[in-house]
Amino acid sequence: MDSFFRSEEMCLVQLFFQTESAHNCINELGHLGLVQFKDLNPGTVAFQRRFVKEVKKCEEMERILRFLENEVVKSNIPIPADFTSETIPVPRDVLDLESRFDKLEQELKEINSNRDTLRQNFTQLMEINHLLQMTDDFFEEAESQLSISELPSEESVYSSRVTCRRTSYTSTNGPLKLGFVAGVIKHERFPAFEKILWRLFHGNFVLRHAEIKPHEEENMAEDPVKKDVFVVFVQGDQIRGKIRKLCDGFHASMYPCPNNAYARKEMRTNVNTRIEDLRLVLKRTEEFRETTLTAAAANLQEWASKVKKMKAIYYTLNLCNIDITQKLIVAEIWCPVSDLNSVHTALIHGSEQSGSSLSPVVNRIQTQQTPPTFNRVTSFTSGFQSIIDAYGVGNYQEINPAPYTMVTFPFLFAVMFGDCGHGLVMTLLALWLILHQEHFRKLKNELIDMLVDGRYIIFLMGLFSIYTGLIYNDCFSKSFNVFGSSWSVRPMFHPHGPWTNDTLHDSGHLHLDPLVSGVYSGNPYPFGVDPIWNIASNKLSFLNSYKMKMSVIMGVAHMLFGVTLSLVNYIFFRNLKDVALQFIPEVIFMLSLFGYLIFLILYKWCVVMKSESAPSILLLFINMMLFDYSSEGTVLYRTQKPVQIFLVVVAVLMVPWLLFAKPLLLYRKHKQLKLKPSTNKLPMQVFGISNQEASDNRKEKVSMADIFVYQGIHTIEYCLGCISNTASYLRLWALSLAHAELSEVLWKMVLQVALRVTSGMGSVLLAVTFAAFAVLTVTILLVMEGLSAFLHALRLHWVEFQNKFYKGSGYKFTPLSFDRMRDMQ
Amino acid sequence: MAFSIPMVIVTLFWGFVGGVVPWFIPKGPNRGVVITMLVLTAVCCYLFWLIAILSQLNPLFGPALSNDTIWYLQFHWR
């Protein structure tokens, strides 16, 4: 139960177990997730360790698994999500799985390459088919033109798919025998192709082309590329050779096309039969591939988890020592003291499973090394613990700030966010995240994962924001008037007060005077800020003063709490000397200066005074530090001067106490130790100085200087930090002011404009404007301001609160845990 | 009189939340954490409310209102 307030007590345990039962035992420990293995071979490099080959084998298997998964996903085969893998991976399984994986990989690679070649052949055949189909038209046209070659050429327009070219004939008589080149070229390359043909041959050719329009059932290629069929009719062989080279340059595939129609028809039937055959073969190949992949997909998850577990087990075995007889494995583990029993049971269970007769030996040993820090968290507390650990993992058994952060962090956020409407939206969002948590986790998006991890934090932030919003009386920049305002206007008029109806006509703004009786009812608004301030034009004068003082009060309270926690740490570590040497002067310093400041604030609030004679607290404080009591009317109460002088003197006296008391005491202690070298019973830990031989003077002098310097730094940091940290808490005021102003701007400039429209179309305008208002509210006020307030509240915790007591230089307990590995994947 | 009523009610409420409810939290692993949260919540929220009400107890100046607001309030508020 104490475990969340400080980290758990850990013990170092030596385990001895037999080599045969090693796998089972480590498997059981991995499922338990409570044990961290220490590295017993720290000097060895990774590839010198004993089980490095097995680890490599496991990595190779993982690679094959990834390849398989890729293939399965590419073919859109669903992977069954649920799997029960309670089988324990043993060394036999490694070899078995390895051979299976290799076989699968070979098969798949073969299938893939076969399929690709088949597909290529198929595309070629389809192209030839199209070519033959379309060249029929061309040849008819060419033959007809040949027969009328005496006549001057005319431009004739064919079907829309065929373009015409001016042909130029040589002036020979008789029908010319034209040679041709037929082929298929990519669609987008065709214009360039044509241009170059023109440049090369100056129009001594006839070019016909048409686009291939694939039918749906023929489309077996993966991504169809648009291609064009073309035929170039030329005269002469040399030209034909040049055109061939040109086609090669353009990556156009050329096909032999027979001259006469009969041969073409025969070729077509040929090609068609071949296409049918290929189609069948392709279908069969695809089916075979699918069956293989589905069979593999069914086991994919199970294999993956098995391989992961085996890799983890081999990695852990690498950390252990194997003794000379090769029969015993020695391991050292860190384990929480309260869980020793469950660890023991798990080990016995594991050794029983492997069938060995000897149960493993568990031997707890004493050690001087620092154990890792282990904080047992639940799903509610893990978010808060992780934001503390992000700054620094606590020292072993140091006090854990997380349980206090669970309330103070959302509270300080809410002080800066302070709007109950926005807080309500945030709470609802967090509720949605909490209730649909698994659904969001399945999306596997990094940002959404972060949001889901912090769902309880966001929930608490929203709840506290509703509360602070009610106190600031701010809901989407409007106020509630539940109890009736304490200010009333009527008494300001005649005969009671100074105003007449003419005063209203004369000036635009008028101040209510609290000194006129009845204007202020004498009783403040019972819950929060009075609603009249929302409609006052000097609202910020009041709110600024209120919020600044509130920030200082909250800040000093938070810091005092932090200093008190350091007292708890000292008592736990039985460090009573530090209580007197550090805690007491720190507290007195802070209370005498800043506690007195809070007293001044509260006094000025509670006591009635006239506005003209009310001194400014800031000036009072500055004059107190400067011992300046010359100006008149600077007293709040009668005995103020002696009290303040006393407090400042006390605070100044605390500084040398903090600075010198502890180092001088240590110095004297060391002198005493040096004078008595015979006493061997020296305490082990004297304020953290290592206890070497007492005669080593130089070492002692160095460590004394260290102590002095360290204490000096600590004193300066604390005293100056008190002032600067108190001022730093003013960001509570600054951010809440920014949030309120942004909210008001959105209301005044966006929504109110639409609400003031009186024409009939106003409702449509209002709907549109409300959409803009909602989008801006969510993005600017919720997301941006939320992130900003989150960051500043976090900084206040990390720096101003934690530097009063938290050391944060431990290392985290990372147990071997299969559940954690699965979650991290 | 009308100042002490809200004072008593709110103090009693947060005193109840922070001082009485912790005794009724059932024993379990989370008892310490829940009690801490209750006490801290009570302290923070009570302090925040107290600051808000104390700062308005003896105002040194009043709100500045525009004419229209003053006209409206003169007739509609007591």
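Protein chains get the first letters and strands the later ones, always in sequence-line order, with residue 1 at the start of each. Just so we're clear, the structure is a prediction, and the values are computed from it rather than from any experiment.
Contact check for Phe61(B) versus Leu512(A): no side-chain heavy atoms found under the 4.5 Å cut-off. At least one side-chain heavy atom of Leu460(A) sits less than 4.5 Å from a side-chain heavy atom of Met37(B). Taking 4.5 Å as the limit, every side-chain heavy atom of Leu65(B) sits out of range of all side-chain heavy atoms of Leu510(A). Here the side chains of Trp77(B) and Val489(A) are not in contact, with every heavy-atom distance at 4.5 Å or above.
In this structure, Trp605(A) CH2 and Ile51(B) CD1 are separated by 5.5 Å, a value rounded to the nearest 0.5 Å. Here CZ of Phe464(A) is found 4.0 Å from OG1 of Thr41(B). Values are rounded to the nearest 0.5 Å. To the nearest 0.5 Å, atoms OH (Tyr472(A)) and CZ (Phe48(B)) are separated by 3.5 Å. In this structure, Leu57(B) CG and Tyr520(A) OH are separated by 5.5 Å, a value rounded to the nearest 0.5 Å.
When all heavy atoms of His509(A) and Asn67(B) are compared, the closest pair comes out as N-OD1, 4.0 Å. Nearest heavy-atom pair across Ala536(A) and Pro63(B) is CB-CB, 3.5 Å. The shortest heavy-atom contact between Cys606(A) and Leu54(B) is SG-CD2, 4.0 Å.
Contact annotation for Thr69(B): only side-chain heavy atoms (C-beta onward) come within less than 4.5 Å of a heavy atom of chain A.
The most heavy-atom pairs under 4.5 Å with chain A, out of Ala52(B), Ser55(B), Ser66(B), come from Ser55(B).
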